[in-house]
Protein chains: 2
Amino acid sequence: MAKDTKTALLDSAERAARTRGFDGFSYADLAQEVGIRKASIHHHFPTKAALSAAIMKRYTQAFAKACQSIDAECATGGARLAALIDRYRAALEGGQSLCLCVSFSTSRNSLPAEVISEIVGFRQMMLAWIAATYHLGGSDRSIAMVHDPAQEAAATLAMLEGAQLRARAEEDPAHFDNALGLLRSRLAR
Amino acid sequence: MAKDTKTALLDSAERAARTRGFDGFSYADLAQEVGIRKASIHHHFPTKAALSAAIMKRYTQAFAKACQSIDAECATGGARLAALIDRYRAALEGGQSLCLCVSFSTSRNSLPAEVISEIVGFRQMMLAWIAATYHLGGSDRSIAMVHDPAQEAAATLAMLEGAQLRARAEEDPAHFDNALGLLRSRLAR
DNA sequence: GTCTATAAATCGATAGAC
DNA sequence: GTCTATCGATTTATAGAC
């Protein structure tokens with residue numbers, strides 16, 4: 001079945017935002033990719049603010065679901081954290097893309113308030129999940145040297161996001177692996 | 001003595017780029033802040049590409065100098081790394097600003113080639129300095145548990161840059177301190 | 001070195017026909 | 001739901017007077 005226009009617009013907008021940033025994509029870009037006129041986009045999303053809020057909201061939900069899938073498929077904390085790292089690496093799309101939350105964070109002044117609170121919520125969700133994963137990994141001994149799960153979570157999320165920045169800037173995911181090597185070596189397999 | 005116009009433009013452009021991103025500032029913004037007409041900016045910097053390359057080049061030189069100052073003032077690896085962390089925190093300007101390298105990295109497709117290679121050079125310089133600092137800190141026992149300085153450097157730079165992202169997005173430097181807490185606790189004082 | 005004036009393109013958004 | 005047509009603002013950049 002063919003994608004409906006609204007979903008096609010969300011997909012195109014997410015890809016554009018993650019590749020070029022909030023101030024780097026326009027309705028004209030989406031119109032060309034989806035194959036409709038740019039005026040028609042306003043029927044589905046009245047403003048760019050509304051569209052941006054919609055893709056950030058959808059992105060958070062998809063990521064929460066992905067974390068649930070990891071929990072279902074991986075038993076140990078170490079395996080779960082390794083799976084999360086892999087997902088952040090996959091989000092790079094070969095060095096052409098970023099996590100939407102990372103991409104939006106450098107454009108704070110351009111963002112509507114809705115998007116900012118979505119970004120805050122996204123990170124809160126991620127930090128809670130990572131902290132729980134460290135707690136498990138400390139208990140089941142699948143992550144080495146866990147002292148404070150909350151502190152580890154804050155450090156890990158920063159590292160994941162920061163590692164994406166260099167990999168994106170140099171269009172080379174190897175830089176992501178480079179930054180995450182030390183953490184990965186703490187995980188049992 | 002009053003700042004010359006060219007320097008005033010560089011200062012204004014750097015501040016704008018670090019606050020709003022490459023695609024988020026315009027010649028009109030700089031003109032208003034510096035107090036000249038926007039056409040006059042082209043006399044000093046013919047294109048936005050040239051202006052951006054100039055601020056990135058100056059930023060790299062200033063940061064290299066700052067690292068030299070740290071080396072001169074701090075004897076141990078731990079003290080040097082702590083000073084670098086403090087500098088990344090100060091660059092936040094209370095949550096209103098980012099490292100220029102961080103800000104530019106999400107706008108790769110809009111950047112002229114000159115700026116991209118400057119960004120690559122900036123990170124290479126930082127990684128070399130951080131790795132050397134870890135090496136020293138391992139030797140003088142002022143940084144705990146140092147195994148591979150190069151890997152530590154890659155992880156640390158990612159963490160510094162990533163920690164800025166959240167602090168900027170939420171306009172609160174406390175989030176930066178949160179992410180860096182674990183690393184800071186490894187440093188002797 | 002700074003100005004006025006202007007160009008050509010693009011931005012997000014709206015009105016109204018179909 | 002998509003279209004054509006258009007609006008007003010803004011973008012980077014240039015020409016030429018002073």
Considering just the side-chain nitrogens and oxygens of A/H44, establish if one lies under 4.0 Å of OP1 or OP2 belonging to D/dT2.
-> yes
A/Q32 atom CD is separated from C/dG12 atom P, nearest whole Å, by 14 Å
Minimal heavy-atom distance between B/A31 and B/R37, with the atoms involved, is CB-C, 3.9 Å
- [ ] Run the numbers on A/R58 and A/D11 for salt bridge (Lys or Arg N to Asp or Glu O under 4.0 Å), then give the verdict.
- [x] CA-CA 10 Å; A/R58 189 181 70 152; A/D11 291 346; 2.8 Å; yes
By nearest-nucleotide position on DNA chain C, the 5'-leaning member of B/K38 and B/T5 is B/T5
When rounded to whole Å, the CZ to C1' distance for the pair A/F22 and C/dC11 reads 12 Å
Rounded to whole Å, the NZ-P distance (A/K48 to C/dT14) equals 15 Å
Looking only at C/dC11, C/dT2, D/dT11, the nucleotide nearest the A/A28 side chain is C/dC11
A/T47 has its side chain closest, among C/dA13, C/dT4, D/dT11, to C/dA13
Of the listed D/dT12, C/dA15, D/dG1, the closest approach to the A/H43 side chain comes from D/dG1
note: A/D23, atom CG; D/dT12, atom P; distance rounded to Å ~ 12 Å
When rounded to whole Å, the CZ to P distance for the pair B/F25 and D/dT10 reads 18 Å
Per atom distances to the A/H42 side chain, the nearest of C/dC3, C/dG12, D/dG1 is C/dG12
From the candidates C/dT2, D/dC3, D/dA13, the one with an atom nearest any side-chain atom of A/S40 is D/dC3
From CG of B/D29 across to P of D/dT11 the rounded distance in Å is 6 Å
From CD1 of A/I41 across to P of C/dA13 the rounded distance in Å is 11 Å
Does A/F22 reach the side chain of B/T106, with side-chain heavy atoms less than 4.5 Å apart?
no
| said: Please tell me whether A/Y88 and A/F176 form a close aromatic pair, meaning their ring centres lie under 6.0 Å apart. | reply: no
- Task: Indicate whether OP1 or OP2 belonging to C/dC11 is found under 4.0 Å from a side-chain N or O atom of A/S26.
- Result: yes
B/R37 atom CZ is separated from D/dT14 atom C1', nearest whole Å, by 17 Å
- prompt: Less than 4.0 Å between a side-chain N and a carboxylate O, is that true for A/D23 and A/K48?
  reply: no
